[in-house]
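These figures come from a predicted structure and were not determined experimentally. Each chain gets a letter, A, B and so on, in the order its sequence line appears, and its residues count up from 1.
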Protein chains: 2
Amino acid sequence: MKKKGSLNKSNSRSTLAVKHAHDYIKEKVIDFIIPPGEHINEVELAEALGMSRAPIREALNQLYIGGFVTFQSGKGFFCRKFSAKDVADLLELRADLESAAISHIGNKEARPDILAIYSTWKEVATKHREMNMDELVNADEDFHVKLAALAGNEERVKILRNINERVRFIRKIALEKEPRRSNFIGEHLKICEALMQQDQAELIKLLDYHIGINSSQLKPIIHEGLARIYAEEIL
Amino acid sequence: MKKKGSLNKSNSRSTLAVKHAHDYIKEKVIDFIIPPGEHINEVELAEALGMSRAPIREALNQLYIGGFVTFQSGKGFFCRKFSAKDVADLLELRADLESAAISHIGNKEARPDILAIYSTWKEVATKHREMNMDELVNADEDFHVKLAALAGNEERVKILRNINERVRFIRKIALEKEPRRSNFIGEHLKICEALMQQDQAELIKLLDYHIGINSSQLKPIIHEGLARIYAEEIL
DNA sequence: TTATGATATTTTGTCGACAGAGCATTATAA
DNA sequence: TTATAATGCTCTGTCGACAAAATATCATAA
């Protein structure tokens with residue numbers, strides 16, 4: 001079925017076609033609605049979004065640098081795919097950046113932003129039972145990003161956001177498999193408390209454990225994740 | 001089987017226009033041949049490179065995500081510009097990532113890659129007097145990237161390469177101002193030695209000092225750099 | 001059958017064109 | 001004079017088109 005682009009009602013010029021394409025494709029890649037390694041057909045996308053190939057290609061070039069798609073000269077763009085090591089590398093990086101961030105938070109006294117994080121998460125703690133997995137992952141990412149943002153390094157936050165998007169599918173699985181959801185909820189609260197009490201040593205300890213740098217259950221989660229993505233393909 | 005061996009000059013098409021434009025524009029931005037904040041004229045670039053605007057725009061979209069140019073809807077692309085804090089943030093990030101890298105280098109025994117870095121730098125040490133500033137900065141970046149690469153996390157290396165490119169103009173000034181060039185040359189050698197001797201504590205100490213996280217002379221260098229870039233403009 | 005070659009189809013990479021937004025300049029009014 | 005409106009020019013954002021490369025399809029030979 002083909003649809004004509006003439007049906008664009010209330011065509012909001014405020015949202016550029018490139019941006020729309022970017023967000024649309026990124027979402028498909030993040031959730032692996034486009035399977036890993038699969039070729040991305042520009043014409044197909046252009047028709048689906050009711051635009052020409054030009055903005056599609058511009059968006060794909062953005063996603064290429066962002067690590068969401070790969071590129072082969074003459075063949076075009078493909079959904080990113082990764083090995084267990086690739087995922088582990090991204091998770092390691094994320095842990096390193098967050099660790100660095102908390103070590104760079106300066107004076108922690110009387111900071112409304114810390115309090116805001118705390119109270120937001122306390123709300124999550126009370127109603128996490130009514131939240132679905134997507135909402136939970138979203139809240140979790142938000143917590144960690146805001147934590148890192150306390151250090152005030154916007155560039156680091158940007159990178160962390162990018163990594164979060166790229167490993168989101170793994171984080172979803174990690175949360176699903178979390179035996180007792182209240183564990184990680186409580187850990188976030190403890191992190192906030194250590195922050196407010198300015199207990200740096202405790203803070204580092206808590207975060208290291210929470211992010212699970214040396215967590216032995218990380219490997220099986222990654223493999224579970226890859227198994228799902230790649231279906232019956234052998235890694 | 002191979003096809004008939006015809007001298008295919010068409011193979012010189014191997015360098016895509018997009019990639020050419022990307023490298024060309026990036027170079028101008030890195031060296032601030034395009035002044036910070038200046039609007040980038042697509043038609044001008046297209047004519048200068050003998051191509052149409054399409055590949056130019058694709059390249060610009062890549063550079064946008066890479067942090068080399070900014071974008072304003074309806075106005076186009078502009079050379080990146082930054083404040084003293086922006087530079088400091090990038091340098092902080094770079095330091096954090098390198099620190100994290102060396103803490104993740106596993107077994108350091110009998111590693112040819114470590115020896116290779118050492119011997120390469122020893123060569124630099126002997127002939128650094130005949131090297132110009134660009135060569136020196138290049139060698140320095142190379143050293144640090146290879147150091148970080150020892151940890152085996154390709155994604156981190158990618159980010160470090162990106163940051164190096166973005167702060168290169170500052171690093172050039174830092175090197176110019178280095179009172180005794182042999183200082184930093186010697187520090188690299190010491191870092192290698194600490195690596196080979198597996199003296200982790202010493203290694204961290206050396207690197208922290210070398211990268212100058214808390215170096216008080218960092219601030220004046222940044223300001224000197226920005227002053228040059230922005231010429232008489234006030235920051 | 002499998003391999004090879006010719007042919008048809010798809011898809012990329014790039015081009016030139018154009019409407020409209022943005023910007024500069026001139027003309028007009030206060 | 002200064003401020004505002006009109007005018008024309010520049011440049012962006014997107015489109016449709018096309019050649020060449022890549023891929024799929026089919027035919028033929030071993």
Side-chain angles (χ1 to χ4, degrees), chain A residues 1-25 28 34-35 37-65 68-79, chain B residues 1-25 28-29 34-35 37-65 68-80:
Chain A
M1 56 180 119
K2 2 185 150 160
K3 37 179 175 175
K4 279 294 200 131
S6 56
L7 217 87
N8 281 352
K9 67 168 185 181
S10 73
N11 195 0
S12 46
R13 294 281 169 229
S14 58
T15 323
L16 252 35
V18 177
K19 185 165 177 46
H20 187 220
H22 172 271
D23 294 347
Y24 178 87
I25 302 167
K28 306 273 184 233
I34 304 176
E38 182 151 302
H39 180 251
I40 293 172
N41 188 315
E42 296 166 13
V43 179
E44 221 171 87
L45 273 174
E47 279 170 6
L49 293 176
M51 58 180 74
S52 79
R53 278 173 55 225
I56 298 283
R57 297 205 83 213
E58 293 188 14
L60 285 169
N61 273 284
Q62 291 186 187
L63 294 168
Y64 167 56
I65 299 299
F68 296 96
V69 304
T70 59
F71 172 76
Q72 278 181 272
S73 177
K75 311 221 179 144
F77 298 88
F78 304 80
C79 179
Chain B
M1 298 300 179
K2 293 254 177 196
K3 285 186 176 182
K4 299 162 202 166
S6 60
L7 295 182
N8 42 358
K9 61 176 185 217
S10 58
N11 216 2
S12 64
R13 174 48 95 216
S14 61
T15 325
L16 253 34
V18 177
K19 185 166 176 44
H20 187 219
H22 172 272
D23 294 347
Y24 178 87
I25 303 167
K28 306 274 185 234
V29 169
I34 303 175
E38 182 152 302
H39 179 253
I40 293 172
N41 188 315
E42 297 167 14
V43 180
E44 221 171 87
L45 272 174
E47 278 168 7
L49 293 176
M51 57 180 74
S52 79
R53 279 173 55 225
I56 299 283
R57 297 205 69 187
E58 293 188 14
L60 285 168
N61 273 283
Q62 291 185 189
L63 293 169
Y64 167 55
I65 299 298
F68 296 96
V69 304
T70 59
F71 171 76
Q72 278 181 272
S73 177
K75 310 215 180 154
F77 298 88
F78 304 80
C79 180
R80 52 60 190 273

| In Å, rounded to the nearest 0.5 Å, how long is the span from CZ of B/Arg53 to CG of B/Asn41? | 9.0 Å

| request: Whole angstrom is fine here: how far is it from CD1 in B/Ile40 over to P in D/dC11? | output: 14 Å

| field | Separation of atom NE2 in A/His20 from atom C1' in D/dT14, rounded to whole Å | value | 15 Å

| said: Can you identify which nucleotide, out of C/dT11, C/dC15, D/dC11, has its nearest atom closest to the B/Met51 side chain? | reply: C/dC15

| message | With a cut-off of less than 4.0 Å, is there a side-chain N or O of B/Lys19 near OP1 or OP2 of C/dG13? | response | no

| Between the two ends of the helix from C/dT1-D/dA30 to C/dA30-D/dT1, what is the bend in degrees, rounded to 10 degrees, where each end axis spans five pairs? | 20°

| said: Could you tell me how far apart B/Phe78 (CZ) and C/dC23 (C1') are, to the nearest whole angstrom? | reply: 12 Å

| task | Would you mind telling me which of C/dT14, D/dT14, C/dT12 lies closest to the side-chain atoms of B/Pro55? | result | C/dT14

| request: For the residue pair A/Leu45 and A/Phe77, establish whether any side-chain heavy-atom pair is separated by less than 4.5 Å. | output: no

| query | With respect to the side chain of A/Arg53, which nucleotide from C/dC15, D/dT14, D/dA17 is positioned closest? | reply | D/dA17

| task | Consider the side chain of B/Ala54, meaning its heavy atoms from C-beta on, and name the nucleotide among D/dT14, C/dC15, C/dC23 that approaches it most closely. | result | C/dC15

| remark: A/Ala17 and A/Met51 have their tightest heavy-atom pair at O-CE, 3.6 Å

| For DNA chain D, what residues of residues 56-64 of chain B have any heavy atom nearer than 4.0 Å? | B/Arg57

| query | Could you give the distance from NE2 (B/His39) to NZ (B/Lys75), rounded to the nearest 0.5 Å? | reply | 9.5 Å

| said: Nearest whole Å is fine: how far is C/dT11 C1' from A/Glu44 CD? | reply: 11 Å

| query | What pair of heavy atoms forms the shortest contact from A/Leu60 to A/Val69, and how long is it? | reply | O-CG2, 3.7 Å

| field | Separation of atom CG in B/Leu16 from atom P in D/dA20, rounded to whole Å | value | 16 Å

| Residue whose nearest DNA chain D nucleotide is more 5′ - A/Lys75 or B/Gly76 | B/Gly76

| Do B/Phe71 and A/Leu16 come within less than 4.5 Å of each other through their side chains, counting heavy atoms only? | yes

| message | Does A/Ala17 reach a base, just sugar-phosphate, or nothing at all? Heavy atoms under 4.0 Å. | response | sugar-phosphate

| message | Measuring from atom CD of B/Glu38 to atom CZ of B/Arg80, what distance do you get when rounded to the nearest 0.5 angstrom? | response | 13.5 Å

| remark: Distance col, row B/Glu58:CD vs A/Asn61:CG, nearest 0.5 angstrom, shows 4.5 Å

| Among the nucleotides D/dG13, D/dT14, C/dT11, which one has an atom lying closest to any side-chain atom of A/Asn41? | C/dT11

| Can you tell me how far NZ of A/Lys28 sits from CD1 of A/Ile34, rounded to the nearest 0.5 angstrom? | 7.5 Å

| query | At under 4.0 Å, does any side-chain N or O of B/His39 touch on OP1 or OP2 of D/dT10? | reply | no

| said: How close do B/Cys79 and B/Ile40 get, counting heavy atoms only, and between which atoms? | reply: N-CD1, 3.8 Å

| remark: B/Glu42 atom CD is separated from C/dA21 atom P, nearest whole Å, by 17 Å

| field | A/Gln72 CD - D/dA21 P separation (whole Å) | value | 17 Å

